[in-house]
Amino acid sequence: MSQHALLSVGAKAWRSIPCLRSELRLDLTLGCGQSFRWRETGEGHWTGVMGGRVWTLTQTEDTLWYHVYSNPGNTALINGQKRKAEVGPQHSEKKLKQVSTVKKEEDELDLDAVSSEQDEKAGTLLRDYFQLDVKLGDLYREWSDADQHFSQTAHIFTGVRMLRQDPVECLFSFICSSNNHISRIQGMVERLCNTLGTPLCKLDDTHYHDFPPLQALADSKVEACLRDLGFGYRARFLQQSAHLIMNSHGPDWLYTLRSAPYLQARDALRTLPGVGLKVADCVCLMSLDKSEAVPVDTHVWQIAKRDYNCAAGHGQKTLTDKLYNEIGDFFRKLWGCYAGWAHSMVPCFSLADGRTAMQRDDSHGPSGYIQAGQLNGS
């Protein structure tokens with residue numbers, strides 16, 4: 001049986017790129033509720049699906065290490081290119097019984113002889129996914145100069161980065177987030193992928209599947225299929241949004257929003273069923289290159305009032321669209337064009353001074369967008 005790779009066992013099967021821990025903390029970045037595909041499969045080792053491949057990542061003080069597993073017959077490409085298999089729910093029963101064959105491990109877990117060209121592409125994808133061209137240390141200094149709360153906390157929680165996710169995966173994952181918490185969202189996304197996504201490989205007792213393409217999500221039978229899987233009312237939003245995108249815009253539409261202005265992209269996303277301001281901002285920030293997008297919920301609103309004396313919504317009890325935009329504008333003025341990145345540190349402020357501002361029953365890290373019981377996704 002193939003196993004999850006460990007750097008201490010078979011280092012020849014691993015590749016690396018230079019990356020200081022102060023620029024990237026895997027535990028804080030992958031466990032904070034941005035993506036729901038990553039799990040800690042060994043101490044300091046995170047395994048997940050990205051770019052149609054299964055990866056295990058780990059790090060030392062100045063190096064990011066990665067292992068890419070072989071995917072027999074897989075033709076998935078980077079950044080949303082068409083994938084080989086598009087599977088509808090009518091095939092789900094058969095798919096759930098499929099087991100991908102993986103080359104038997106050698107003594108050092110050398111599962112896939114990666115060519116230099118493949119290695120270069122993998123390194124490029126990893127840099128893009130973590131947006132390593134953005135110098136986080138420089139941003140931390142800018143935010144610390146502008147914000148005393150940030151300056152008091154930044155040295156404790158370094159390395160919290162924004163992921164640049166596939167827009168399809170990001171959008172439909174966050175549609176699942178409405179009134180939900182991290183562990184349940186993870187389970188829903190896993191069931192969605194296992195049922196409708198292309199099988200990639202099996203490690204230990206875990207089957208890994210690619211995220212399903214829009215064509216599969218738009219199938220008319222998907223709503224009933226997902227309701228059977230426990231998605232509730234979100235099943236309709238998933239199928240209807242995929243159907244609307246395919247019929248009215250085309251399969252590449254979400255990717256074109258990366259070049260659209262922020263508010264235009266956000267407004268376009270809000271035309272989709274199940275997508276409100278917060279979900280739209282999460283998708284803009286985490287997959288559409290809108291670093292100024294600031295997802296706001298009641299927790300962020302409370303911190304804006306308590307720690308920043310933000311007067312927006314004084315006397316109001318509900319987070320209206322107008323108030324949502326005012327709070328976002330307040331933080332954009334304070335933090336600048338990477339305000340969405342700085343926003344990832346907001347929950348850390350309360351943790352740093354000992355206050356309990358979040359209900360985090362299942363997150364791996366102190367930073368997060370999803371607070372249990374506090375989501376306003378739609």
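On a predicted model such as this, the values are computed, not experimentally measured, just so you know.
W341 and L20 end up in different hydrophobic clusters when Ile, Leu, Val, Met, Phe, Trp and Tyr side chains are linked at under 4.5 Å. Transitive grouping of hydrophobic side chains (ILVMFWY, heavy atoms separated by less than 4.5 Å) brings L192 and Y233 into a common cluster. Under the 4.5 Å side-chain heavy-atom criterion for Ile, Leu, Val, Met, Phe, Trp and Tyr, L214 and V189 are members of the same hydrophobic cluster. Linking ILVMFWY residues whenever their side-chain heavy atoms come closer than 4.5 Å, directly or via other members, leaves L263 and L277 in distinct clusters. Put simply, L272 and L257 are part of the same group of oily side chains (I, L, V, M, F, W, Y) that touch within less than 4.5 Å, one to the next.
A pairwise comparison of heavy atoms in Q59 and L24 identifies NE2-O, 2.9 Å as the closest pair. L334 and A146 get closest at one heavy-atom pair: CD1-O, 3.4 Å. The shortest heavy-atom contact between I17 and Y66 is CG2-CE2, 4.2 Å. Here the closest heavy-atom approach between residue Y324 and residue V296 is recorded as CE1-O, 3.1 Å. Across D166 and V168, no two heavy atoms sit closer than the pair OD2-N, 3.0 Å. Of all the heavy atoms in M246 and A218, the pair that sits closest is CG-CB, 4.1 Å.
A donor-acceptor contact shorter than 3.5 Å is absent between the side chain of Q34 and the backbone of C170. Panel note: side chain H343, backbone P295; a donor-acceptor pair is recorded below 3.5 Å. When atom types are taken as modelled, the side chain of T58 and the backbone of W65 share no donor-acceptor pair closer than 3.5 angstrom. The backbone N or O of H149 lies less than 3.5 Å from a partner atom in the side chain of D147, making a donor-acceptor pair. Side-chain N or O atoms of K290 include one that pairs as donor or acceptor with a backbone N or O of A260 at under 3.5 Å. A donor-acceptor pair is defined here as one N or O able to donate and one able to accept, closer than 3.5 Å; such a pair exists between the side chain of R161 and the backbone of E23. Checked by atom type and distance alone, the side chain of E292 never pairs as donor or acceptor with a backbone atom of Y262 at under 3.5 Å. In this structure, T271 contributes its side chain and A268 its backbone to a donor-acceptor pair below 3.5 Å. Between the side chain of D297 and the backbone N or O of V300, at least one donor-acceptor pair lies under 3.5 Å. R164 contributes no side-chain N or O that, together with a main-chain N or O of Q131, makes up a donor-acceptor pair within less than 3.5 Å.
Remark: R141 engages D138 in a side chain to side chain contact (heavy atoms under 4.5 Å, CB included) (not counting sequence neighbours).
Annotation: side chain of S287 is not in contact with side chain of L171 (no heavy-atom distance under 4.5 Å). You'll find the side chain of L57 stays beyond 4.5 Å of the side chain of T47, heavy atoms only. Residues F36 and F174 form a side-chain contact, since some pair of their non-hydrogen atoms from C-beta on lies under 4.5 Å apart. Put simply, the side chain of H4 does not reach to within 4.5 Å of the side chain of H45, judged on heavy atoms. The closest side-chain heavy-atom distance from D219 to Q239 is not below 4.5 Å. Between V294 and D281 there is no side-chain heavy-atom pair separated by less than 4.5 Å. Side-chain contact between T195 and C225: present, with at least one pair of heavy atoms (C-beta onward) separated by less than 4.5 Å. Contact check for W55 versus L126: side-chain heavy atoms found under the 4.5 Å cut-off.
A salt bridge is defined here as a Lys NZ or Arg NE, NH1 or NH2 lying under 4.0 Å from an Asp or Glu carboxylate O, and R21 with D62 fails to meet this definition. D133 and R127 are not joined by a salt bridge, as no carboxylate oxygen comes within less than 4.0 angstrom of a charged side-chain nitrogen.
Rounding to the nearest 0.5 Å gives a distance of 7.5 Å between CZ of R266 and SG of C284. For the atom pair OG (S344) and CG (L285), the distance works out to 8.5 Å, reported to the nearest 0.5 Å. Remark: E61 CD to C19 SG distance equals 10.5 Å, nearest 0.5 Å. Summarising the geometry, atom CZ belonging to F330 is positioned 14.5 Å from atom CH2 belonging to W301; distances are rounded to the nearest 0.5 Å. Atom CE of M345 is separated from atom CG of L28 by 8.5 Å, given to the nearest 0.5 angstrom. The OG atom of S241 lies 4.0 Å from the CD1 atom of I175; values are rounded to the nearest 0.5 Å.
A donor atom on one side chain and an acceptor atom on the other are not found under 3.5 Å apart for S151 and S144. With 3.5 Å as the limit, one finds a donor-acceptor pair spanning the side chains of Y69 and T56. Residues H181 and S183 bring a donor and an acceptor atom of their side chains to less than 3.5 Å of each other.
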(message) Run the side chain to side chain contact (heavy atoms under 4.5 Å, CB included) test on R37 and Q186 for me, step by step, so that the C-alpha distance in whole Å, both residues' side-chain angles and the decisive distance to 0.1 Å come before the verdict.
(response) CA-CA 7 Å; R37 303 299 309 277; Q186 287 175 332; over 6 Å; no
(request) Start with the C-alpha distance between V49 and W38, add both sets of side-chain angles, then the distance that settles side chain to side chain contact (heavy atoms under 4.5 Å, CB included), and finish with yes or no. (result) CA-CA 7 Å; V49 179; W38 296 92; over 6 Å; no
(message) Checking L323 against T318 for the side chain to side chain contact (heavy atoms under 4.5 Å, CB included) test, could you report, in this order, the C-alpha distance in whole Å, the side-chain angles of both residues, the deciding distance, and whether it holds?
(response) CA-CA 9 Å; L323 176 55; T318 58; over 6 Å; no
(message) The test is side chain to side chain contact (heavy atoms under 4.5 Å, CB included); show your working for R234 and M188 and say whether it passes.
(response) CA-CA 10 Å; R234 304 171 192 87; M188 292 170 69; 3.6 Å; yes
(message) Determine whether N194 and H209 satisfy the following criterion, side chain to side chain donor-acceptor pair (under 3.5 Å), listing intermediate values before the conclusion.
(response) CA-CA 6 Å; N194 287 349; H209 294 71; 2.9 Å; yes
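For the pair K12 and W14, the cation-pi criterion (under 6.0 Å, within 45° of the ring axis) is not fulfilled.
Identified under the salt bridge (Lys or Arg N to Asp or Glu O under 4.0 Å) test for residues 321-331, with sequence neighbours left out: R270-D321, K322-E326, D329-R332.
Residue-environment remark: NE2 (H243) stays at or below the threshold of 12 foreign heavy atoms within 6.0 Å. Annotation for Y338: atom OH does not count as buried by contact number, only 12 or fewer foreign heavy atoms lying within 6.0 Å.
Using a 30° and 60° split on the angle between ring planes, F150 and W143 fall in the perpendicular class, above 60°. Taking the six-membered ring where tryptophan is involved, the planes of F211 and F172 are tilted, since the angle between them lies from 30° to 60°.
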